[in-house]
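Residue numbers begin at 1 in each chain, while the letters A, B, ... track the order of the sequences. Since this is a predicted model, take the numbers as computed values, not measurements.
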Amino acid sequence: MCTPAAGRGRVRLNVGGRVFETTAATLAGAGRDSMLGAMLDAAWNQGAEGEGEGVAEYFVDRDPECFAVLLDLLRTGGLHVPPQITEGALCREALYYGLLDRVRAARWGEFEGDRLRLAASVAGRAPGDGTAVRAAPDGGCCVAHGGVVRVYNWMLEERRPVYLDHAPVNDAAYLDEATLLVAARERPGRRDGGVAAFSALTGDLHHRFRIAHDRQIRSFTPGALAFDHRCKIFASCKGRFNEYGIGVWDYNTGDQADFFYEPPGCALGDADKLQWLDGTNTLMVTTMFPRTDNSFISLLDFRDKNVAWSWSDVGTPASLEDKHVLHAIAMEDGRSVCVINQYDDLGFLDLRNNAVGVRWRSRSKLTTRKKTHNEETCYPKLAAHDGQLFASTNDTISVFSGPDHILTSTLRGSDAGAICDFSIGGDRLFALHNEENVFDVWDTPPPPVI
Amino acid sequence: MSSQKKRATKVEPLKHRTDVDPKFFDKSWKKLDDAIREIYNHNASGLSFEELYRTAYNLVLHKHGMKLYDKLVEKLKGHLEEMCRSLEDAQGCLFLEELQIRWDDHNKALQMIRDILMYMDRTFITTLKKTPVFDLGLELWRDIVVRSPKIHGRLLDTLLELINRERMGDVINRGLMRNSTKMLMDLGPSVYRDDFEKPFLEVSESFYSVESQQFIECCDCGEYLEKVQKRLAEELERASQYMDAKTADKITGVVETEMLSIHMQRLILMENSGLVNMLIDDKHEDLTRMYNLFKRVPDGHSTIRSVMTSHVKETGKALVTDPERLKDPVDFIQRLLNEKDKYDKTISVSFSNDKTFQNALNSSFEYFINLNNRSPEFISLYVDDKLRKGVKGANEEDVETVLDKVMMLFRYLQEKDVFEKYYKQHLAKRLLSGKTTSDEAERSMLVKLKTECGYQFTSKLEGMFTDLKTSQDTMQSFYANISGDTDGPTISVQILTTGSWPTQPCAPCNLPPEITDISEKFRAYYLGTHNGRRLTWQTNMGNADIKATFAGRRHELNVSTYQMCVLMLFNSTDGMTYSDIEQATAIPRAELKRCLQSLACVKGKNVLRKEPMSKDISQGDTFYYNDKFTSKLVKVKIGTVVAQKETEPEKMETRQRVEEDRKPQIEAAIVRIMKSRRVLDHNSIITEVTKQLQSRFLANPVAIKKRIESLIEREFLERDKVDRKMYRYLA
């Protein structure tokens with residue numbers, strides 16, 4: 001869609017005083033819905049300048065350095081940013097030309113646990129003590145600090161934060177890249193806790209999810225959050241009148257769909273972590289030390305309101321070095337749960353058998369735990385991604401691969417104290433440090449050219 | 001990255017605002033405003049896209065997005081209102097064209113405006129979930145132009161008027177129509193639906209309601225249907241030309257309802273031209289049309305079917321109950337076959353071989369064929385006729401088709417066992433008199449019957465064929481045995497197994513001595529080779545060739561066995577009284593009378609002379625050798641006066657025999673059922689027996705009841721002591 005006489009497709013662009021010569025075909029690669037595409041469109045070239053000379057010339061009043069990078073992107077599909085250009089400037093220019101999606105696509109590399117490099121280290125403004133970090137599907141993330149959830153886009157620019165009127169945040173989750181689900185604690189005397197969906201783009205409240213018991217709306221404190229692939233949202237709920245259990249909502253309607261009341265001997269209402277298991281159609285609920293004295297893991301089947309599988313360390317002889325299960329993650333095959341204790345030992349539980357003990361694998365010889373930061377340590381966390389297992393221990397994240405979970409990489413980023421939470425999403429891993437309120441961003445560099 | 005700096009300055013919005021020219025927005029908007037005006041005025045060549053884009057970008061960057069958006073809405077509104085006013089002034093049919101031009105302009109302009117404001121579309125509008133610029137332009141066009149009070153109705157009226165004119169035969173600008181409906185579709189499916197489709201369907205409904213009323217008053221059914229078909233095709237074509245694809249089904253639905261559904265009964269039953277007349281006159285084209293059109297209408301086919309069925313039943317009933325038709329069985333069956341052919345053709349040509357129609361036809365035939373209880377006999381006679389002579393010269397395939405058709409009729413019969421009886425008789429006559437022309441055809445018919453009714457049905461018929469074959473062999477070996485003794489008459493004997501053949505017990509007559517002689521020789525031979533058998537002469541069925549001389553002329557007479565016996569008497573005397581003949585031959589009276597009648601009273605074949613001369617034979621008559629007999633032929637065949645059709649008492653007799661034969665079959669069925677069920681109530685027995693015997697005949701409940709009683713008497717069954725309606729099987 002360029003001028004017919006555009007010099008057999010050649011176009012001359014004067015960007016901020018520097019002249020670039022390229023072909024209309026290269027610029028057409030930007031698409032009609034971009035600034036460059038529109039500029040070359042026939043509608044805007046009726047009295048075409050440069051007609052007859054063979055080469056169409058345009059003037060663009062922008063920075064030539066960034067344009068050179070973007071033109072290179074259009075020519076090659078690859079993004080090579082010289083060191084003098086800041087990320088912010090490049091993104092701003094890309095947005096001007098309508099090429100931001102292309103920059104993002106060029107940046108996006110398939111997540112590979114063993115090839116991660118520290119891409120950025122973002123310092124937040126909050127005075128430390130972040131609760132949680134969550135990766136967004138598009139490469140952004142959010143960090144919960146007290147009553148605020150700070151939201152970052154994939155360029156790691158901070159968006160408008162989600163304010164919860166000072167109600168402390170217990171958990172957050174991205175339903176999709178534009179919708180953030182937040183669980184806020186109820187404060188004594190104020191009925192302000194609950195689960196709500198916010199726009200991740202603007203920080204506006206979309207919907208508040210209510211719980212009714214006997215048809216009466218009751219306030220509650222939600223703990224961990226989870227959702228399945230059929231628009232169901234789950235939250236562990238602690239009501240004021242001992243209405244403990246798992247609340248279920250339908251995201252499309254926003255209405256309460258179900259409530260799984262806590263059966264005796266089962267800890268559901270104050271869970272640390274919920275995880276939906278697609279293969280078995282069950283929800284894994286984990287309640288851990290030190291929130292409770294004993295760790296408790298169960299699988300709930302909502303179709304028949306049944307506890308399909310459960311495990312607890314109640315009654316385990318204390319002599320066994322007093323190992324407490326501190327975090328758990330269901331493996332991606334849905335057959336086992338991986339747990340970790342305060343000595344950073346990994347253990348496994350078989351989900352296909354009820355009433356089995358933890359199979360511990362001592363890895364103390366693998367860890368090179370430096371007890372330098374004695375001031376404050378964080379409890380370890382686990383994550384599973386693409387067959388790999390990630391464990392955060394102190395200021396390091398260890399990557400375990402293969403069926404035997406052999407340690408293959410360790411990630412150690414900024415010197416900002418222990419890692420209190422980390423999250424994997426999109427093509428990135430985010431690690432939140434405890435003391436300095438800094439989060440590290442790890443991503444996979446593009447593969448080598450040859 | 002620069003967070004340290006930012007944290008220091010908390011009041012950053014104020015700082016921005018002071019830096020910027022207070023008239024920044026107004027100046028920038030003025031630029032864009034002018035540009036938009038120029039774009040609408042087709043004067044965009046002087047505009048710099050880059051500059052405009054940058055201007056809009058700066059506005060959004062400096063947080064004027066909302067203001068810019070509002071201004072844009074205002075500007076577009078103003079422009080569209082102005083456009084709307086000028087449109088209202090457009091005259092008559094130019095209106096649509098004008099609207100079209102404006103719409104194209106607006107589209108092009110919108111595209112360019114969107115280009116300028118692309119940055120706002122990408123950032124401000126996505127974040128705040130506002131309507132994007134292009135869609136906003138369409139919405140405003142819809143609300144301000146298309147749905148403005150003065151244009152809304154006018155647009156619709158113009159479109160409908162044009163469609164109406166096209167329906168009346170005018171040629172209209174279809175391109176314009178297409179563009180107009182396309183515009184409505186572009187504005188969203190609901191706009192097209194509410195602003196055009198719905199009123200269009202309503203108008204069409206009333207149009208076709210009126211038109212169908214007119215047509216039905218002045219057209220016959222065929223013409224009417226032709227018109228409907230034309231209209232349907234037109235509407236489909238119209239819809240494909242300038243409407244949404246989904247409208248096609250809806251508009252044809254309207255035509256179907258208005259022109260077909262509502263008038264269905266009247267059309268199908270229309271006097272002098274409706275379905276019945278089409279069927280009678282074989283109007284296949286009309287029938288095809290009717291079938292295809294009423295396929296679209298609920299209950300259409302079932303109505304056609306029921307009308308056809310009742311018509312077929314009625315005509316069939318008239319045919320089978322017409323006493324005039326009963327006189328000629330062959331013609332009777334031929335008519336039925338023709339009727340069947342006729343409807344078969346109609347169904348295959350016009351009703352696309354629809355199974356439901358075939359079934360309906362079959363049940364109609366079944367209904368009326370069984371109205372006449374002589375149908376089985378007639379069908380057998382028809383076959384007899386065909387196998388006796390009709391097949392001569394005709395090739396095998398023709399015979400096959402005739403037989404296949406007959407089998408079709410046979411399938412409709414309820415009393416298949418009656419047919420079997422008659423068929424046996426007729427077959428026996430054919431075989432014994434040597435009149436079957438094609439053994440192939442006979443066999444083929446048997447195979448057909450066998451596949452239709454099973455082995456049991458044809459076993460006896462097959463036995464007849466075997467008998468004839470063995471008889472031939474026996475005769476050969478007999479003559480080989482008595483060779484040399486060639487003097488005197490020869491006989492040919494056919495040995496028939498009792499039971500396989502429809503023989504009647506007959507009193508033996510006195511054969512002439514020459515014949516008795518050779519017969520006895522044969523008897524001795526036969527019984528000598530076959531142990532433990534009994535041989536009875538069926539003299540009522542044979543025939544003989546005898547040589548006679550009349551006034552010096554030699555003739556060969558072909559006569560029946562009885563006639564031969566009579567004639568042989570005249571070898572020794574010239575005249576005999578009736579009672580003498582009766583005494584000498586011992587032929588049963590009725591037979592004798594018949595045979596004398598054919599010898600003495602048939603003109604040209606009167607080899608005997610009767611005194612007194614009269615048509616009837618009486619006790620006192622005297623018969624003389626007629627020496628005045630002449631004939632041009634050497635060979636004279638003297639037939640017995642035999643009615644092809646059964647006489648009344650014969651008929652009664654056959655009937656009775658059938659009833660008699662049914663008894664054991666019913667009993668067998670009852671016993672079979674009771675053996676497996678042990679206990680059963682009366683009504684269930686009746687149903688089950690009827691079901692079991694269906695393939696042979698329709699059992700009469702009264703007959704079944706009689707059989708049950710007989711079985712109780714013979715202690716096969718007993719009545720339940722408590723419930724008298726229950727029967728119990730006694731093992």
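For B:Leu61, no part sits under 4.5 Å from any heavy atom of chain A, backbone or side chain. Residue A:Leu156 does not touch chain B at all, counting heavy-atom pairs closer than 4.5 Å.
Listed options B:Arg54, B:Glu51, B:Lys108 were ranked by heavy-atom pairs under 4.5 angstrom with chain A; first place goes to B:Arg54. Here A:Val60 is the residue among A:Thr86, A:Val60, A:Thr202 with the most heavy-atom pairs under 4.5 Å with chain B.
Pairs engaging residues 118-139 of chain B under the ring pair (Phe, Tyr, Trp, His ring centres under 6.0 Å) rule: B:Tyr57-B:Tyr119 [sequence neighbours left out]. For residues 13-38 of chain A, the set of pairs meeting the ring pair (Phe, Tyr, Trp, His ring centres under 6.0 Å) definition, not counting sequence neighbours, comprises A:Phe20-A:Phe67.
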Applying side-chain contact (heavy atoms from CB on, under 4.5 Å), run through A:Trp44 and B:Ile116 and close with a yes or a no.
CA-CA 10 Å; A:Trp44 288 103; B:Ile116 298 175; 3.5 Å; yes
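Note: A:Tyr96 OH to B:Thr123 OG1 = 12.5 Å, rounded to the nearest 0.5 Å. Between A:Met39 atom CE and B:Leu52 atom CG the span is 12.5 Å, to the nearest 0.5 Å. Between the CZ atom of A:Arg160 and the OG1 atom of B:Thr127 there is a distance of 10.5 Å, given to the nearest 0.5 Å. To the nearest 0.5 Å, atom CE of residue A:Met35 and atom CD of residue B:Glu50 are 5.0 Å apart.
The shortest distance between side-chain heavy atoms of A:Asp33 and B:Arg122 falls below 4.5 Å. Counting only heavy atoms from C-beta outward, the side chains of B:Gln111 and A:Arg32 approach each other to under 4.5 Å.
Scanning all heavy atoms of the two residues, the minimum distance from A:Ala38 to B:Met118 falls at CB-CE, 3.8 Å. For B:Tyr53 against A:Leu95, the heavy-atom pair with the smallest separation is OH-O, 4.4 Å.
Heavy-atom contacts from other residues, nucleotides or ligands closer than 6.0 Å to NZ of B:Lys250 number more than 12.
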